[in-house]
Amino acid sequence: MGLAVLPIHAYTSEILETVAKNAVCVLIGETGSGKTTQLSQMFHQAGYTKSGRIGVTQPRRVAAVSVARRVAFEMGVQVGEDVGYSIRFEDRTSSKTAIKYLTDGCLLRECLFDPELHQYSVIILDEAHERSLNTDILLGLLRRLVSKRKPELKVVITSATLDGEKMSDFFFKCPIVRVPGKLYPVQILYSKERPVSYLDGAVQTALDIHVSEPPGDILLFMTGQDEIEKAIAKLEEEVQSLDEGSCMDVVILPLYGSLPPEMQARVFGQPPDNCRRIIVATNIAETSLTVDGVVYVIDPGLVKQRQYNPASGMDSLAVVPISRVQAIQRAGRAGRTRPGRCYRLYPEAAYEHELLAATVPEIQRSSLAGTVLHLKSLELPDIDILDFDFLDQPSLELLEDALSQLYIVDAIDKSGSITALGKRMAELPLEPALARALIAAEELDCLGQALTVAAVLSCESIFYNAPRQGKEKKRAREHGSLPNGRGLGDHIQYLQIYDAWEKNNFDLEWCKENGLQIRAMKFARDVRRQLGQIMLRKKRDGEPEKRESSSLRKVGSARALRQALCKGFGNRLAHRLPHHNGYRCIGHKSQLVQIHPSACPLEVDEEGLLPEWVLYHELISTTHPFIRHVCMVEGSWVEPLLKKMDNMDIRGLSGRKTPIVPEKRLEDDKAMVMARTGSQQVLSSTLVDAARERFLARKQSKANK
DNA sequence: CGTTTTCGA
């Protein structure tokens, strides 16, 4: 077979010489340079695999797998032999494996068992410019390791033009090798000013291109599912009104992460002849997925980005301007197959002066509890977490928050040293709070259930939210027949749903019928299996096999399960929200925090009222900064509650865009209760107090009898 | 009457 000559081949000797002379080097290789597939082979041929393996990290699983396949093919070997890959749930390597592709998360996990990574003679950190949380931690660890394992370990960091110097400085001013890429020119067109509505502006631009420009697909970036659907609806409407025959046919396709795989596949299928495609996508199309045939890119310049607020311990999603690196990346999507065009819906001055040069790295906008625990468990000598060398230092608040989170779940002691418990927790691929809950569950004999809950909480929503169907009033949501936890809360509901699925032999059709995300359910099953194995491995000492596996099926009372979850999440919020003293909380995902019923002043009584309280933080911090606490409660009991409470101050809440309680600033110390039924209502804090009093009075009168 | 980007162990 004839293998194409790639730009990187011309640099072979320069690269090999640099690597021979230096422990680390930075390689700047633009898209199409061939670095991802060729570097490893180059080192293999140069004999570096005689003393160990070549490890190449990728930020994404699919990339690790597909690149390994490609390289195996080029070398004429089977995947899993000389060339292999290792990703979560799947290790395709053997003792023969000389070149190993793996996700950066996987390499990080290997550090736990072998901090000096002795199996490797070369480590290539690919796509380091993407600055994923895991890559950043690896960068910090490798910086230490390089000096330690000199001269037998070689490290190559591949990065983009922009931060090559920075990477080199970080690695003791190591040399930089530049390799050109292979991309067609993309003409950039700026708007004179920002459109009033970027959605309308984007739709209009797409139509203009469609009616006046030569063939070629259009890629339009939007921030989320909802926006994508709106844009598509508008586009379709406008396209309808075009004169028939005035231009070519057009298909409009959505593309976003939670879109079911078969729908995503439509974007990669063969387009009909003589028909233009308009693909409306989230930033998934920026790096993760590449759509062939795109010639025009429309870039409104925004992304939805997760942000973590250490003061409240919550993350939120915010629409923010993209960085220049992202803008360049988006434009590049137009030049993969031939020269293209990128329409930026903002002025050039905005690009130059308003956009950040690079995206704020994830390490500066995530909770670092897991990261810090990981680093602590490596027991690196002479290390002070607050002083660890990161390429970009996270804020002190972020680090202190991580330490306090870890202290609360007993993972570290007062002096900041990792505890035995903390060590066990570090081995579980979970956020520390959930890891703590699992260990508590083991002691409370409800591990089986806790595993399920932890697994379901580790995946994206298991519910499939179908796009709105036309103008039908009722939203097509099919999971009405699923167990609802009987008011026992989301966790119990997850447990019941998973158990029901298991009873149906993990049938995928069953998932479909009940409106569940097949992908998420499968993922939960894999996670559950993996977590179970890790929990067992730790317990193994001295215990017979059979007993072990039965502990995975152990089922305790709902109360035991709650207690276990509380052990992980308990106090976390109470700790931060002194207004809520007396309320204990357990967390649900990262945005919702439930107050445990047993600690709620309006406890469940014989009438079955008040099964749970939920604090909905995102609402508090992002939309309505004047509201300090919002309690969101399940619909099932709201009505009886409303009936019971008279003289209530109920205010309607109609969506995020309109303010609740307009123009009225609330006192800081007033907790708000938001009741969630079909419609949402806000109750004032005095009602909570009144209800609490009544509850206590009733309890008192019962006690007197 | 409202719903969430994207990766990863």
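Here is how names work: the chains are called A, B, and so on, in the same order as the sequence lines, proteins then strands, and each is numbered from 1.
- The main-chain N or O of A:E127 is found under 3.5 Å from a side-chain atom of A:T158 such that the two form a donor-acceptor pair.
- Looking only at atom types and distance, the side chain of A:Y308 has no donor-acceptor partner in the side chain of A:Q364 under 3.5 Å away.
- At the heavy-atom level, A:R60 lies under 4.0 Å from the strands shown only through sugar-phosphate atoms.
- Residue-level contact check: A:S132 touches neither bases nor backbone, having no heavy atom under 4.0 Å from any strand.
- For B:dC7, the OP1/OP2 oxygens have no side-chain nitrogen or oxygen of A:R306 closer than 4.0 Å.
- Nearest-nucleotide positions on DNA chain B place A:N283 closer to the 5' end than the other of A:Q530 and A:N283.
- Between B:dA9 and A:T103, a contact under 4.0 Å exists linking OP1 or OP2 to a side-chain N or O.
- Between A:T282 and B:dT6 there is a side-chain N or O to OP1 or OP2 distance below 4.0 Å.
- Projected onto DNA chain B by closest heavy-atom contact, A:P429 and A:T223 fall at different nucleotides, the more 5' of which corresponds to A:T223.
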task = Let me see the working for A:Q530 and A:D526 under side-chain hydrogen bond (donor to acceptor under 3.5 Å, both in side chains), right down to the final yes or no.
result = CA-CA 6 Å; A:Q530 186 186 36; A:D526 286 337; over 6 Å; no

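- Judged as a salt bridge (Lys or Arg N to Asp or Glu O under 4.0 Å), and not counting sequence neighbours, A:E362 has no contacts.
- Between the C1' atom of B:dT3 and the NZ atom of A:K230 lies a distance of 11 Å, rounded to the nearest Å.
- For the pair A:I462 CD1 and B:dT3 C1', the computed distance is 15 Å after rounding to whole Å.
- In this structure, the CG atom of A:L373 is 22 Å from the P atom of B:dG8, given to the nearest Å.
- For the pair A:E130 CD and B:dG8 C1', the computed distance is 12 Å after rounding to whole Å.
- Residue A:R109 places its side chain closer to B:dA9 than to any other of B:dA9, B:dT4, B:dC7.
- If you check every strand for non-hydrogen atoms under 4.0 Å, A:I284 touches sugar and phosphate atoms only.
- If you take CD of A:E229 and C1' of B:dT3, they are 11 Å apart, rounded to a whole angstrom.
- Across all strands shown, A:L133 has no heavy atoms under 4.0 Å from either base or sugar-phosphate atoms.
- The nearest whole Å value for the distance from the CZ atom in A:R88 to the P atom in B:dC7 is 15 Å.
- Taking atom CD on A:Q225 and atom P on B:dG2, their separation rounds to 16 Å, with Å as the unit.
- A:I87 has its CD1 atom 14 Å from the P atom of B:dC7, to the nearest Å.
- Between the CE atom in A:M167 and the CZ atom in A:R131 there is a gap of 5.5 Å [rounded to 0.5 Å].
- With B:dC7, B:dT5, B:dA9 as the candidates, the nucleotide lying closest to the side chain of A:E362 is B:dC7.
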